[in-house]
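First listed ligand is number 1; within each ligand, the first listed atom is number 1.
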Amino acid sequence: MKSPKFVYLFEEADGANKKLLGGKGAGLAEMTHMGLPVPPGFIVTTEACLHYYEGKKKLPKGIMEEVQTNLKTVEEKAGKKFGSPQNPLFFSVRSGAAISMPGMMDTILNLGLNDKTLEGLIQITLDGRFAHDAYRRFIQLFGKIALGVEEEEFDQILNKSKARIGAKEDTDLDADHLRDICGQYLGLIKKRTGTPFPQEPMIQLKLAIEAVFRSWMGKRAVAYRKEFNVTPEMANGTAVNVCTMVFGNMGFDSATGVAFTRDPGTGENVLYGEYLVNAQGEDVVAGIRTPKPIQEMKKEMPKTYRELERVRKTLEEHFHEVQDFEFTVEKGILYILQTRNGKMNAQAIVRTSKEMVGEKLVDKEKAVLRLKPHELEQLLHKRIDPNFKGRPIAVGLPASPGAASGKAVFDADEAERLGKLGHKVILVREETKPEDIHGFFASQGILTSRGGKTSHAAVVARGMGKPCVSGCEELRIDPKVKEAIIKNVHIKEGDFITIDGSRGEVYLGEVPTVDPEISKDLLTLLSWADEIRTLGVRANADTPEMAMKARQMGAEGIGLCRTERMFNAVDRLPIVREMILAGTKEKRAEAIAKLLPMQKNDFKEIFRTMKGLPVTVRLLDPPLHEFLPSAEELASELRNLKELESAFASMENISGAMRYLDPSSRDSLKLLENVAADITEIKEKRLDKKLIRKEQDTLRKVKEMMEVNPMLGHRGVRLGITYPEIYQMQIQAILEAAAELMKEGVDIQPEIMVPQVCTAQELKWVYQLVKKIQKGVEKQYGVKIQFKFGTMIEVVRACMRAGRLAEVADFFSFGTNDLTQATFSFSREDAENKFLPLYNQRKILQDNPFEVLDVKGVGRLMMITIEWGRRTKSDLKIGICGEHGGHPESVEFSHSIGLSYVSCSVPRLPIARLAAAHAKLKEKDKKPPEKYDPDTSFSIFF
Ligand code: ADP
Ligand code: MG
Ligand code: MG
């Protein structure tokens with residue numbers, strides 16, 4: 001069998017074949033084809049590397065002959081000779097796999113140097129110091145990489161010499177010093193390897209190629225591939241690039257530098273970079289001299305600058321991507337040494353995407369794909385100013401992204417009070433509860449010492465798009481004294497703090513932040529994403545204000561409107577409590593009658609805001625006791641009341657005993673006497689007793705309603721069926737709101753959604769209730785109401801019964817938060833606070849399933865549900881409204897299993913829109929997920 005070709009000249013290699021040539025080699029080949037000035041050279045392929053390993057670490061036969069042949073051509077082109085003392089050719093030997101693996105191997109520069117060619121280098125560069133330093137570095141690097149001599153031993157020699165001469169820096173060494181050090185280096189190599197340093201250039205080259213191949217299986221490289229999951233399909237073996245050395249240190253018409261074809265920080269369409277005159281690449285990296293901005297080259301080296309401008313244009317027109325390239329100028333002649341796709345920040349990607357479409361460099365699809373959804377996230381939140389250098393005083397969990405500063409406040413009421421006065425506040429709590437919600441609205445951000453990333457604080461903050469750091473355990477909070485202690489620092493109420501919810505950091509004082517930027521360019525890019533995607537994107541929004549924001553951010557409807565958020569409003573809560581605590585049907589009806597017009601108004605406003613688009617209203621979901629004070633709170637109030645009662649009793653006695661006092665002091669006691677009279681009046685009216693009785697009643701009711709597992713208890717549709725008045729009122733409010741708006745001629749698309757359904761019977765029960773109320777409302781208003789009726793899918797049984805549920809439902813909406821809890825049998829608070837971190841760490845679970853949808857388990861259930869649901873009703877609309885709806889990977893999965901839409905929190909809308917477009921574009925080169933076939937699966941059981 002004829003062995004394959006292992007060595008390619010830059011001009012004959014196929015620059016598209018990164019797998020064979022490695023990234024750097026492919027770039028060099030491609031640039032050579034394009035006519036860019038690349039110093040001549042050749043590539044030893046990755047295939048040769050694989051053969052090297054197959055052949056028990058021996059170079060494949062004939063390879064050095066191939067190298068020799070190619071070298072000849074290079075010598076001719078360069079007009080120099082490898083190993084010639086008069087006119088020597090030197091090479092750089094550089095590794096390069098298909099995927100860039102930084103730090104895998106150092107580049108060997110000036111290969112071909114030996115005692116004789118050193119003289120030639122001095123001739124070329126006219127710089128004895130430089131030539132000796134190059135030799136010194138070459139011996140050291142070659143000794144370490146190719147011959148395996150410890151780097152430290154070289155350093156010891158160098159340091160001893162420096163000490164002897166009294167040199168502080170390497171730069172204090174002159175040519176003679178360096179010549180001496182070279183001599184010692186050569187001695188060291190002979191001592192350690194038993195043979196003299198290879199003076200023969202061809203042998204140096206062979207050893208260098210072998211060393212590059214060895215580095216592929218080196219510790220650093222193997223660890224890197226493992227860490228970043230680099231599979232053999234992505235990169236298999238490294239190539240070796242052998243490239244003629246060019247010198248940027250041959251006087252003031254020579255230079256070296258790196259440049260981007262556009263500014264990677266802003267995306268601006270200008271040449272961007274740095275350079276050094278009379279220097280080699282290493283000098284830039286080593287930081288010995290400070291490079292100049294490339295714009296200065298316009299004046300200093302105008303011809304080269306114009307050439308670089310041309311290179312910039314050529315590179316972009318060829319690669320259709322911003323390039324990051326290395327160059328060297330030798331005596332006025334420009335050489336390009338490397339090019340690759342430029343890494344940019346999100347802002348720069350957005351701007352270049354928009355502009356490159358305008359310049360017809362890329363199409364809209366490519367432009368959209370350039371911005372990764374998780375990179376977009378950077379742009380959507382306030383960040384700590386990247387120039388700020390301070391350190392955090394504590395670190396918790398990054399629960400909701402963004403940075404915020406404000407005065408520390410330790411309870412929700414105070415937060416609301418200060419917020420209304422225009423102060424910026426950060427709500428600091430051990431943990432938060434639904435009754436703290438008004439404090440959230442008033443705060444810039446939330447900091448808690450307990451709770452995971454799905455604690456109440458985290459979930460609510462994310463929903464509102466406010467920064468949150470949760471589970472900051474270093475923080476000790478004392479709400480009574482109103483202070484928090486971190487290490488030895490006391491934070492008192494009113495002290496400024498800053499939190500960074502993207503990193504989980506807490507800072508003292510007001511740290512400077514930079515604003516999020518939804519630039520015009522980003523809006524354009526998102527509008528292109530909308531043209532591409534087929535998956536719908538809706539928002540979870542509970543108020544007209546949020547609905548308005550959702551519309552502005554491109555939501556195509558509301559996928560989840562939580563009615564309990566309306567019940568929690570300050571003016572509603574007392575009425576809601578009245579309703580819950582009502583002793584009789586009549587009393588309850590009274591309270592409900594007060595709630596009806598309020599809810600109707602809520603719905604009207606939201607429907608109106610979202611006119612022309614669907615709005616899914618979920619009927620009441622949480623257990624009722626969430627609207628009541630806790631048993632502990634009540635018990636403590638009751639104790640206070642009883643103390644008051646006994647205080648009253650003793651006050652009365654005081655007034656009786658007052659006549660024994662000295663008449664002169666009686667006057668001053670007049671006040672007390674008045675108080676006593678008031679108390680008697682209170683007692684006569686038995687006000688205190690009434691209060692106590694009321695409180696006792698509430699406490700009894702609260703205790704009655706207490707549940708062991710409230711989240712698996714009396715909630716959702718279960719509550720709706722047992723207290724039908726509540727759902728009745730809500731349905732009435734929705735339909736009346738709809739009827740009134742229809743009469744006004746507003747185009748509305750209401751959808752009624754039932755939570756926690758596990759059997760078709762439940763759904764049918766609610767459905768007949770809806771039908772009955774619909775009849776009444778239609779008669780009253782004289783209109784036919786168009787609306788949809790559907791169910792949440794968040795109970796495992798509901799998935800299994802999807803076929804039956806679809807008989808009644810027009811749509812399904814996966815509540816993946818609860819469905820994930822139910823599938824794993826994890827209560828998410830407990831999971832996140834106790835065992836999940838360890839599970840993730842040990843890789844027992846890859847991700848936190850409450851953040852990243854568990855495709856294998858929960859996803860499977862979803863696929864079954866879709867399959868069975870659509871068998872019953874082929875046009876069944878199916879969405880997802882759990883927090884996962886805004887997570888890029890989950891959005892992609894949702895697209896691939898045929899969901900109609902995702903619904904996410906308002907701030908995540910841009911991410912969902914972009915991710916949905918990516919899903920559509922990537923679908924072409926992806927296998928669809930395994931179809932779940934219920935029939936074949938059933939045959940296993942029966
Ligand atoms: P890396 O993968 O770390 O970028 P390179 O192989 O690009 O490594 O080499 C690092 C530096 O060495 C380059 O930036 C350049 O300054 C210098 N270099 C490499 N090859 C040559 C060459 N043929 N002539 C001059 N300098 C070179
Ligand atoms: Mg390198
Ligand atoms: Mg490089």
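- A cation-pi arrangement is found for Lys5 relative to Tyr8, the charged atom lying closer than 6.0 Å to the ring centre and inside a 45° cone about the ring normal.
- Those atoms of ligand 1 with a heavy atom of Val246 less than 4.0 angstrom away are 24 (N), 25 (C).
- Scored by the salt bridge (charged side-chain N to carboxylate O under 4.0 Å, His left out) test, Glu316 finds Arg262 as partners (sequence neighbours excluded).
- When distances to the Mg ion (ligand 3) are checked against a cut-off of 2.8 Å, Gln338 contributes an N, O or S atom below that limit.
- Note on ring orientation: taking the six-membered ring where Trp is involved, the planes of Phe90 and Phe247 are perpendicular (angle over 60°, cut-offs 30° and 60°).
- When only interatomic distances are considered, the shortest N/O to N/O separation between Glu326 and ligand 1 falls below 3.5 Å.
- For the residue pair Ser215/Arg220, the side-chain donor-acceptor check at 3.5 Å is not satisfied.
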| task | Determine, step by step, whether Thr339 and Gln323 satisfy the side-chain hydrogen bond (donor to acceptor under 3.5 Å, both in side chains) criterion, reporting the C-alpha distance in whole Å, the side-chain angles of both residues, the deciding distance to 0.1 Å, and the verdict. | result | CA-CA 6 Å; Thr339 191; Gln323 296 292 299; 2.8 Å; yes
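- Which of Leu109, Leu337, Val93 comes nearest to atom 15 (C) of ligand 1 through a heavy atom is settled by distance: it is Leu337.
- Residue-level check: among N/O/S atoms of Glu326, OE2 sits closest to the Mg ion (ligand 3).
- The shortest N or O to N or O distance between Ser92 and ligand 1 is below 3.5 Å.
- Considering backbone and side-chain atoms together, Gln280 places no N or O closer than 3.5 Å to any N or O of ligand 1.
- Residue-level proximity to ligand 1 for Gln338 is carried by the side chain, the only part with a heavy atom below 4.0 angstrom.
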Could you give the side-chain donor-acceptor pairs of residues 181-191 under 3.5 Å, partners two or more places apart or in another chain?
from   : atom 1 : to     : atom 2 : distance (Å)
Gln184 : NE2    : Ser161 : OG     : 3.4
Gln184 : NE2    : Asp180 : OD2    : 3.1
Tyr185 : OH     : Gln140 : OE1    : 3.1

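- Counting atoms of ligand 1 from 1 in the listed order, those under 4.0 Å from a heavy atom of Lys24 are 1 (P), 2 (O), 5 (P), 6 (O), 7 (O), 8 (O).
- Side-chain contact of Thr117 with Asn114: a donor-acceptor pair under 3.5 Å is present, judged by distance alone.
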